[in-house]
Amino acid sequence: MGLRRRNWVFLFAQLTGFALGSHQSPTPAPGHDVLRYINPLIGSNNGGNVFAGASLPYGMAKAVADVDGQNTSGFSTDGSNVTGFSALHDAGTGGNPSLGNFPLFPQYCSEDVLDNCNFLRATRAVHCLNDSVVAQPGYFALTLENGIHAEMTTTEHAALYRFNFPPATAANGSELSPLILVDLTDLWKSRQNASISVDASSARIKANGTFLPSFGAGSYMSYFCADFAGASIRDSGVWVNNRGGTEPKELFVTRGFNNFYLEAGGFVRFGRPGNGTVNVRVGVSYVSTERACESAQREIPDPLGGFDEIRRHAESAWRGKLSPISIQPGGTSEDLQTSFWSGVYRAMLDPQDLTDENPLWESDEPYFDSFYCIWDSFRAQHPFLTIIDPNTQSRMVRSLLDTYKHEGWLPDCRMSLCKGWTQGGSNADVVLADAYVKNLTGIDWEVAYEAMVNDAENEPLEWSYEGRGGLQSWKRLNYIPYLDFDYLGFGTNSRSISRTLEYSYNDFCLSTLAKGLQKEDYVKYRSRAGNWHNLYKDDQTSFINGTDTGFVGFFQPRHLNGTWGYQDPIACSALASWCSLTSNPSETFESSVWEYQFYVPHDMAALIDLLGGPDAFVSRLDFFHTSGLADMGNEPVFLTVYQYHYAGRPALSSRRAHSYIPSLFNASNNGLPGNDDSGAMGAFTVFSMMGLFPNPGQDVYLIIAPFFEAVHITHPTTNKTATIRNINFDHTYKNIYIQKATLNGRRYTKSWISHDFFTQGMTLELTLGDTESDWGRHERDLPPSLSKLLR
Ligand SMILES: *[C@@H]1O[C@H](CO)[C@@H](O)[C@H](O)[C@H]1NC(C)=O
Ligand SMILES: *[C@@H]1O[C@H](CO)[C@@H](O)[C@H](O)[C@H]1NC(C)=O
Ligand SMILES: *[C@@H]1O[C@H](CO)[C@@H](O)[C@H](O)[C@H]1NC(C)=O
Ligand SMILES: *[C@@H]1O[C@H](CO)[C@@H](O)[C@H](O)[C@H]1NC(C)=O
Ligand SMILES: *[C@@H]1O[C@H](CO)[C@@H](O)[C@H](O)[C@H]1NC(C)=O
Ligand SMILES: *[C@@H]1O[C@H](CO)[C@@H](O)[C@H](O)[C@H]1NC(C)=O
Ligand SMILES: *[C@@H]1O[C@H](CO)[C@@H](O)[C@H](O)[C@H]1NC(C)=O
Ligand SMILES: *[C@@H]1O[C@H](CO)[C@@H](O)[C@H](O)[C@H]1NC(C)=O
Ligand SMILES: *[C@@H]1O[C@H](CO)[C@@H](O)[C@H](O)[C@H]1NC(C)=O
Ligand SMILES: *[C@@H]1O[C@H](CO)[C@@H](O)[C@H](O)[C@H]1NC(C)=O
Ligand SMILES: *[C@@H]1O[C@H](CO)[C@@H](O)[C@H](O)[C@H]1NC(C)=O
Ligand SMILES: *[C@@H]1O[C@H](CO)[C@@H](O)[C@H](O)[C@H]1NC(C)=O
């Protein structure tokens, strides 16, 4: 999903001198350690919404400082204030701020008087020292303006914090007691009700609460367990509003009349230890408080002395996940290498492995959460995981199928154990087809087929969070009508164009699986995959500010009776206004007719014919990318960078990719053009820099000139190493045009390659030059299109 930048984002961008260093670990990693090239702060400002804190790969525990500015994933380098430190987050999403449940906050209370403490979020908020932020895989640290230093690292289900309190005294010279509070809240104050209890002798704090998902329906419960180490306990208690007391030790809060929200929580005060350091071990769970405490004890047995070991464990987990890839930079700048490796890293933060943390059903299958949303992640992130972490990708697919089995539908967007809002198509279909054509193992394809048929045939009552709407029209008219008459289900009655295009591709994906499984209905779905034709209006023109763009023929909305409606082809682009589910819902979702015009991923040949042939198509694609119509900050644009391939002009895809990287995807804190969306932008960057871009759902990677002299990828299960190697590589990127290629030493003229390149460990050698050549231009060398295969 994309979140349109709001004005406040620009406002904070202006405030931000904030060059926060990212490689200032107290224990710097040695020489060529790949972790040196990971900067979790890329995209931490200007709407990237990345998760900048400590996490394991796909980890459930994600610890970071939460701020009161851009806080969708907790932290931002926008210069806003720190309001807490919490251990559940999502990564890169749009929507409301996600999770951030039960934040801790360390402080001194003036004159050591409890009523002088800043309990409330708004009053305790404090800036961190500029340049104090350290963000590295498995580790996050900063110093608050008041001198309190906070460090954190994580295991699967627990976080370990190390708070250092500088010496502080009251007016009469006596030492102040450090206080750490727990707030019964989350980032967007969605808490419905919550309980807390503080154990008087051990000071263990247990909490539970009911919260709302940040982009979905229903509610979820979250559980918390904190233990303190390194300091003597002075006293403890609870607080409500801005008053605290050492009695009682338990509290229940709910929402009052008019949804009234009461701030409340618990606290512990300590005798300040000689070195000023208080460690806090926090276990989190979606199952029970007992589970949260058990996980914490098991995963962090030594909360006092174990910090460095936990951190090293997290670092080596990341090194392991990154180990399939190696690059030969060939003079490529450190910044570009950092963009690359950080993109790889971000692609493995979410979805989160919540196996054994799913309270909704009993199962031996894996459970992953935070598919947020598949509309974003099917395009590059999941295909990327299929290459470098096929075992995990296979477990994610199994989790999707298990969710289908227990909830009746494949998810399209899912977070915090809830169903998230569907953006258009039934995009899990694409993930399943992609896994199928790439031979992922361990998946029950019969169940996958059944789940996809369910999406294609059965309309749910609530298609706002599962399945598809308008299926009667889809089957009868072969398009989704503008202002459909749909009495079967509920959903925002909009997006008729984008849904028609997405459902067409979803049905293509189903036909792929059906054919593979020798189901006869593959023919039916292959035919429905052509439904996009029905919204093509061949005399539609497009004007910008009264000037004719000169392009004729666009997708348009169509009524039930077959007559045409109208949506300005530039509407919903950056040149017009933003369109989403709730803001200005239109016939295209978060993207214009101009952008959706290119979304026929399975039959680009037919689309190119309709649009007047390869040359007309290329000039249309060029106009799109140079007029401000292309929204590089949102995922539907990804494939358009590469679609020149289908017009026999792979050189132009290469030029286009090189024009966007690094100008819009770079290593700065504002180095992403939009929400990272669980690493979707990261995966786009990585694929582009590797020189191969997937057409997801198909066994196709489009080849361009890579950004490195060579890239090696060792397949984690076959152990074979695929190599992309360049002759005449030039790190100033004048030579970005492929002149000729060999695959395993034999001449290779196709502009695309299939997945066995990775599984079989082949070697693709590209000879580069500074002008477009004939390579990949011949008809027989184009990537596949459905209508050509049928011809
Ligand atoms: C720290 O950065 C913020 C945000 O850019 C700025 O407003 C503030 O003046 C800086 N503080 C110092 C001490 O440099
Ligand atoms: C998160 O940001 C929003 C909007 O900037 C703000 O209203 C909210 O209080 C912030 N949350 C925290 C925990 O500061
Ligand atoms: C940060 O806190 C200061 C007061 O300490 C306040 O003036 C400012 O508005 C806060 N910033 C944000 C983004 O809330
Ligand atoms: C100093 O003041 C604190 C409270 O402000 C009080 O608890 C403490 O006993 C005082 N110490 C001395 C030595 O007077
Ligand atoms: C807490 O809130 C949830 C959601 O509003 C509700 O279902 C539940 O009954 C409440 N629990 C208590 C103990 O009030
Ligand atoms: C939440 O905690 C309270 C108080 O400790 C307890 O009574 C209640 O049963 C807990 N709720 C759940 C669902 O665990
Ligand atoms: C602080 O001192 C305690 C003993 O009082 C020790 O156990 C702990 O490891 C020290 N912490 C640090 C960060 O040095
Ligand atoms: C359209 O015209 C307005 C007003 O003259 C101008 O501000 C805007 O930049 C123009 N837009 C484009 C895309 O040319
Ligand atoms: C078709 O339906 C549209 C929308 O309801 C209506 O405006 C139009 O008049 C109808 N046209 C015909 C020919 O029935
Ligand atoms: C980095 O990317 C951002 C976001 O796309 C862009 O605004 C910025 O200009 C880029 N910076 C450089 C130095 O290219
Ligand atoms: C791949 O390497 C791993 C670790 O060395 C080994 O356990 C595994 O059997 C190898 N797989 C194949 C297919 O050779
Ligand atoms: C998948 O397996 C089939 C059957 O063994 C094989 O024909 C095909 O080439 C494989 N595809 C890939 C991408 O490895």
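Scope of the values below: all heavy atoms of this structure, side chains included, with no hydrogens, waters or symmetry mates. Atoms within a ligand are numbered from 1 in the order they appear, just like the ligands themselves. None of the values given here were measured: they were computed from a predicted structure.
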Could you check [atom] against the protein and tell me its nearest heavy-atom contact, residue, atom and distance included?
atom	answer
atom 10 (C) of ligand 11	Asn719 ND2, 2.4 Å
atom 13 (C) of ligand 11	Thr717 O, 3.3 Å
atom 2 (O) of ligand 5	Asn193 ND2, 2.2 Å

At under 4.0 Å between heavy atoms, what of Asn46 touches ligand 10? The answer is neither
Do [X] and [Y] have their ring centres less than 6.0 Å from each other?
X	Y	value
Phe384	Phe687	yes
Tyr660	His625	yes
Phe684	Phe693	yes
Tyr733	Phe707	yes

Which ligand 5 atoms, with their elements, are less than 4.0 angstrom from a heavy-atom of Phe252?
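In order of numbering, the contacting atoms are 12 (C), 13 (C), 14 (O).
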Would a search of protein heavy atoms around atom 7 (O) of ligand 5 find one under 4.0 Å away?
no
Using a 3.5 Å cut-off on N or O atoms only, is Thr254 in polar contact with ligand 5?
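No: no nitrogen or oxygen of Thr254 is under 3.5 Å from one in ligand 5.
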Among Asn666, Ile42, Leu664, which one puts a heavy atom closest to atom 5 (O) of ligand 10?
Leu664
Considering Thr210, Asn208, Val253, which one's heavy-atom position lies nearest to atom 4 (C) of ligand 5?
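The nearest heavy atom belongs to Thr210.
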Are any side-chain N or O atoms of Ser73 and backbone N or O atoms of Gly92, one a donor and one an acceptor, separated by less than 3.5 Å?
yes
Just wondering, do Arg36 and Glu334 contact through their side chains at under 4.5 Å, heavy atoms?
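Glu334 reaches Arg36 side chain to side chain.
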Evaluate the side-chain proximity of Leu184 to Phe102: yes if any heavy-atom separation is below 4.5 Å, no if none is.
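Yes, at least one pair of side-chain atoms sits under 4.5 Å.
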Atoms of ligand 10 less than 4.0 Å from Pro662 heavy atoms?
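That gives atoms 14 (O) of ligand 10.
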